[in-house]
Each structure stands twice: as C-alpha cells, then as structure tokens.
Number of protein chains: 2
Amino acid sequence: MVKMVKRASRAELSLGRGPAKGRARRAGPPPANNRASKQTIRCENVARILEAAEAVFATKGFSGATTAEIATRAGIPKPNLHYYFRTKQALYRAVLDDILALWLDATASIVAEAEPADALRRYIEAKMAYSRTRPFASKVFANELLHGAPAVKGFLGGAMKRLVDDKAKVIEGWITAGRIAPIDPYHLFFVLWAATQTYADFDCQIAAVLGKKKLGPTDFDRAGETVATLILRGLRLKV
Amino acid sequence: MVKMVKRASRAELSLGRGPAKGRARRAGPPPANNRASKQTIRCENVARILEAAEAVFATKGFSGATTAEIATRAGIPKPNLHYYFRTKQALYRAVLDDILALWLDATASIVAEAEPADALRRYIEAKMAYSRTRPFASKVFANELLHGAPAVKGFLGGAMKRLVDDKAKVIEGWITAGRIAPIDPYHLFFVLWAATQTYADFDCQIAAVLGKKKLGPTDFDRAGETVATLILRGLRLKV
DNA sequence: GACCATCTTGACCATTTGGTCAAGATAGCA
DNA sequence: TGCTATCTTGACCAAATGGTCAAGATGGTC
C-alpha cells in the first residue's frame with residue numbers, strides 16, 4: 001500500500017522498442033549461470049539509467065537535462081537509452097515513480113498508538129536521513145513541484161492526500177487526548193517537510209551561509225537535532 | 001546596505017546594444033511632457049521585461065524558459081528583448097538581483113533591542129507575506145538554489161552570510177540573556193526560511209493535499225499562525 | 001548449429017531556440 | 001527642419017537536442 005509502483009511494473013511501463021511482450025520474464029528458475037542473462041542486462045541497464053537520470057534531472061532540471069548527458073553518465077550510447085525509455089518524458093516519469101514511493105514510506109512511524117515524541121522524532125530522523133542519503137531524489141521532486149507538478153499532480157491529490165489525511169487524524173487524536181499541544185496538523189506536516197527537505201534541496205545555500213564547502217554528517221545531525229527540538233517544544237513535549 | 005543593487009545600476013549592467021553611454025540619463029529636469037520620453041520608454045520596457053521574465057523563469061526554470069515566451073508575455077518582439085538584455089543569462093541575472101534585495105529586507109525586525117516574540121513573529125509574517133505576494137520571485141530563487149546556485153553563489157557566501165552571521169549573534173544574545181530557550185541560531189533561520197518559503201515554492205503540493213485548487217489568503221494566514229506558534233513555543237516564548 | 005528475440009550503436013534528421021542583422025521608425029535637440 | 005541617438009522588428013542563422021533508423025552483435029533455446 002505504501003509502494004506506489006513496484007520496480008518491475010515501473011520498468012514495464014517504460015519499455016523500449018522490442019521488449020518481451022506477453023508473459024515474458026516468467027518467475028521460473030533464473031538462468032543457471034550468474035553471467036549477464038537477458039533479464040539481468042535489462043535490469044542493470046535500467047537501474048544504471050535511472051540512477052544517472054536522477055542525478056542529471058536533479059542538477060539540471062527536466063528541460064536542462066539532456067538525454068545525451070544521462071546516457072554518458074550511465075555509460076551507454078544515447079540510442080541505447082532510448083531503447084529502454086522511449087522518451088525523455090517517460091524516463092522522467094520512471095525516475096519520479098521511484099521517488100514517490102520513497103516519499104510515502106517515511107511516515108511509517110506516525111501511528112495513533114505511538115508515543116508522540118518518539119514518533120515525531122523518528123519521522124524527523126527519517127526525513128533528514130532521506131535528505132542526506134538521497135539528495136538527488138529530493139531535488140528532482142522539489143523541481144517537479146516548483147514547476148507546478150505537471151507529472152505528479154494526480155499523485156499529490158490522490159495517494160499523498162489520502163496518506164496525509166490519515167496521518168492528520170492521528171495528530172488530531174493526540175491533540176484531543178491532550179498528548180500534544182493544539183496545532184493545525186496539515187500545516188505541521190508542511191513545516192516538517194519543508195524543514196527537513198530544505199537540507200537536501202537548498203544544501204548549497206545552507207553550506208554557503210555556514211561557511212562550508214559542503215554539508216557533512218555533523219551538519220545533518222545538528223540540523224535534525226534543531227528541527228526535532230523546535231517541533232517537540234512547539235508541541236509542548238519533553239525534549 | 002540592504003539593497004544589493006539599485007534599480008538604475010542593475011539596468012545599467014544589462015544594457016542593450018546602443019544605450020546611453022557615458023553620463024547619459026542625467027538627473028536633470030524630466031522632459032516637460034508626460035508622454036513617452038526615451039527614458040520612460042527604457043524604464044517601462046525594462047520593467048515589463050523583468051516582470052515577464054520572473055514569471056516565466058519561475059514556472060519553467062532557466063533552461064525551460066524561452067526568450068520568445070518572455071518577449072511575448074512582455075508584449076514585445078523578441079529582438080526588442082535582446083536589445084535591452086543582450087543574453088538570456090544577463091536577463092536572468094537581472095531578475096535575480098531584484099530578488100536578492102527583497103530577500104535581505106525581511107530580516108529588518110531581528111534586532112537585539114526588540115522583544116524576541118515580536119521580532120520573530122514579525123519576521124515570519126514578513127516572509128509569509130513575501131511568499132504570498134511574490135511567489136514567482138521565491139520560485140526563481142528556489143530554482144536557482146536547487147541547481148547549485150551557479151549565479152548567486154557569491155551572494156550566498158558574501159552578503160547573505162554576513163547578514164545571517166549578524167542576526168545569529170542577535171539570537172545568541174537573546175539566548176544568553178535567557179530571553180529565549182537555547183537553539184542553534186543558524187538552523188533556526190534555515191527552518192524559518194524553509195517553513196515560510198515552502199508556501200510559495202511548493203504551493204501546488206500544499207494546495208493538492210488541502211484539497212484546494214489554489215491557496216487563498218486564509219490558507220496563508222493559517223500557515224503563518226501555525227509556523228509562528230510552533231517557533232515561539234519552540235523557543236519557549238509566550239504565544 | 002540454426003533460429004529468434006533482445007540488445008547495441010554510428011549515422012542521421014527535424015525542430016527548437018538563443019542570438020544577429022540591417023533597415024526603418026521615433027524622440028530629442030539645435 | 002535637419003541631424004543624431006535610441007528604439008523597433010521581420011527575416012535569418014548556427015548550434016543543440018530529442019528522437020529515429022537500420023545494420024550488426026549477442027544471449028537463449030531447440
């Protein structure tokens with residue numbers, strides 16, 4: 001329920017010119033040898049392309065990214081990239097699909113039974129870890145939103161809205177039970193997202209203001225600590 | 001000291017092919033008639049182009065924006081745009097210069113003598129107002145940061161860093177004086193920026209999650225109230 | 001080994017787009 | 001009324017880029 005699109009089906013959607021039609025890629029025993037089987041080739045190439053694409057889309061934006069650069073970064077010729085992903089748009093969608101799944105996962109800790117302080121702290125940690133370890137993913141998503149979310153509007157108003165509605169109810173429950181101070185649950189989430197993702201999306205600004213070349217693990221630790229402190233105190237919880 | 005570049009000098013930097021060299025545009029008496037003088041023409045056209053460019057850069061990004069679209073939106077032919085701004089890059093820089101000035105202004109309320117709660121609340125209001133009234137500006141800036149700030153890296157590590165160093169000292173003073181609870185002043189600012197700008201930069205996400213078509217004034221009010229509440233409580237201040 | 005589906009790649013093309021040019025229009029001034 | 005500097009614009013160009021093609025290579029299977 002959390003994973004939007006499974007890897008296999010995502011790849012399926014973006015298949016190239018002559019991919020296995022029908023019920024190819026059966027679940028049967030994998031080829032005995034561990035050398036490049038057809039299946040492995042496709043998997044590896046798709047993965048390599050997606051990784052390269054995420055990086056290039058993150059740093060250049062959709063329009064600024066060129067399929068040539070993505071192909072080079074993936075270590076393959078451009079026509080080969082277009083074999084796996086017919087169009088730049090399709091490749092972009094595939095990259096986004098990966099990211100959306102990630103995005104939803106982080107809320108796992110927000111459940112009614114949890115201790116609010118623990119749950120929120122864990123959520124902040126998770127989002128902050130995501131900013132540290134997957135900055136490109138965060139940037140691609142940010143870029144998409146910045147330009148009006150043409151490709152993920154449906155997701156935002158659908159799966160994401162439902163998830164947040166859900167989690168907002170949990171927060172409201174905590175408020176009603178007097179476990180945290182009153183706050184608008186939706187805007188609480190918006191602030192949490194903003195405060196954590198800013199360290200991925202706008203890292204260069206933060207680094208520059210801190211007088212560093214790049215953000216290091218200690219910066220992220222300190223950031224997470226600060227955000228958690230502000231939020232927990234902001235909800236009148238023991239820090 | 002707050003305004004980075006004054007309008008006049010900014011225009012100067014981006015002059016087109018054959019603009020008044022030397023000490024043109026003297027401060028002397030303006031042309032008697034209030035009809036289109038040469039000076040007025042330039043001013044109006046530059047302003048119209050900058051406005052159009054801000055909107056297009058905001059919605060399309062730098063690479064996605066075309067000078068043709070900007071020109072159309074400004075109501076002039078493309079070569080005319082290139083007469084005032086030699087290159088797309090120069091136009092982009094001019095748009096950014098405008099934005100950077102705006103950016104710095106908002107911190108005015110953060111001064112040692114102020115009441116922390118008032119000062120912070122006012123700062124949040126100011127940033128939130130900026131998100132509501134100048135969403136395009138915020139988005140252009142966000143986009144620039146997202147892509148590594150190629151055009152404003154100098155500003156970030158220079159004027160902005162100095163300003164924040166300054167304001168961080170004010171915050172530290174408040175902490176030392178026991179007027180607010182301890183917090184990392186830099187990260188406090190990062191959270192404040194993120195929490196307020198998110199309403200401009202990622203408005204479509206917030207609107208979608210709230211189940212609205214667009215964010216209205218009441219949404220911004222509620223957002224500002226929530227952010228202020230969280231932050232003030234987070235610093236153990238009376239809300 | 002032969003046949004097929006999948007994968008690879010150099011060469012190529014149509015479109016988009018930033019930017020130019022040169023001729024003409026317009027304001028300001030003596 | 002000329003004369004100059006500034007402004008305007010249709011036509012045009014070179015480069016970049018998304019995407020295609022067709023021929024060849026490679027793994028899988030009988």
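Chain naming here is simple, since letters A, B, ... match the order of the sequence lines and numbering starts at 1 in each. Below, all heavy atoms of this structure are taken into account, side chains as well, without hydrogens, waters or symmetry copies.
Stacking of A:K167 on the aromatic ring of A:F189 is not recorded, the 6.0 Å distance cut-off and the 45° axial limit not both being met.
Distance, B:I70 CD1 to C:dG19 C1': 14 Å, rounded to whole Å. As rounded to whole Å, 10 Å separates atom P of C:dG19 from atom CG of B:L81. Rounded to an integer number of Å, the gap from NZ of B:K88 to P of C:dT17 is 9 Å. Across the protein-nucleic acid pair, B:N45 atom CG and C:dA27 atom P stand 13 Å apart, rounded to whole Å. What separates CZ of B:F85 from P of C:dT17 is a distance of 21 Å, to the nearest Å. For the pair B:R86 CZ and C:dT17 C1', the interatomic distance rounds to 20 Å; values are reported in whole Å. Protein atom CD1 of A:I49 is 15 Å distant from nucleotide atom P of D:dG18, rounded to whole Å. The separation between B:N80 atom CG and D:dT9 atom P is 6 Å, rounded to whole Å.
For B:P79, whose side chain is taken as the heavy atoms from C-beta onward, the closest listed nucleotide among D:dG19, C:dT20, C:dG10 is C:dT20. If you check C:dT9, D:dT9, C:dG18 against the side chain of B:H82, the one that comes closest is C:dG18.
Sorted by first and then second residue, the side-chain hydrogen bond (donor to acceptor under 3.5 Å, both in side chains) pairs with a member in residues 133-142 of chain A read A:E54-A:R134, A:S138-A:D201, A:K139-A:D203; sequence neighbours excluded. Residue pairs meeting the side-chain hydrogen bond (donor to acceptor under 3.5 Å, both in side chains) criterion with at least one member in residues 184-195 of chain B, sequence neighbours excluded, are A:Y199-B:H187, A:R222-B:D184, B:Y123-B:W193, B:D165-B:Y186.
Look at A:Y84 and you won't find any side-chain N or O under 4.0 angstrom from OP1 or OP2 of C:dT6. One finds a side-chain N or O of B:R42 lying less than 4.0 angstrom from the OP1 or OP2 phosphate oxygen of D:dC7. Within the 4.0 Å cut-off from OP1 or OP2 of D:dC7, at least one side-chain nitrogen or oxygen of B:Y83 is found.
In the region residues 55-66 of chain A, proximity to DNA chain D at under 4.0 angstrom, judged on heavy atoms, holds for A:A65, A:T66.
For A:R73, there are no salt bridge (Lys or Arg N to Asp or Glu O under 4.0 Å) partners at least two apart in sequence or on another chain.
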Side-chain donor-acceptor distances from residues 149-159 of chain A under 3.5 Å, at least two apart:
none

Donor-acceptor pairs under 3.5 angstrom involving side-chain atoms of residues 207-217 of chain B: please list them, not counting sequence neighbours.
unit_1, atom_1, unit_2, atom_2, d
B:K212, NZ, B:D219, OD1, 2.9

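Between the side chain of B:K78 and the base of C:dG18, a donor-acceptor pair under 3.5 Å is found.
In this structure, a donor-acceptor pair under 3.5 Å is present between the side chains of B:E144 and B:Y92.
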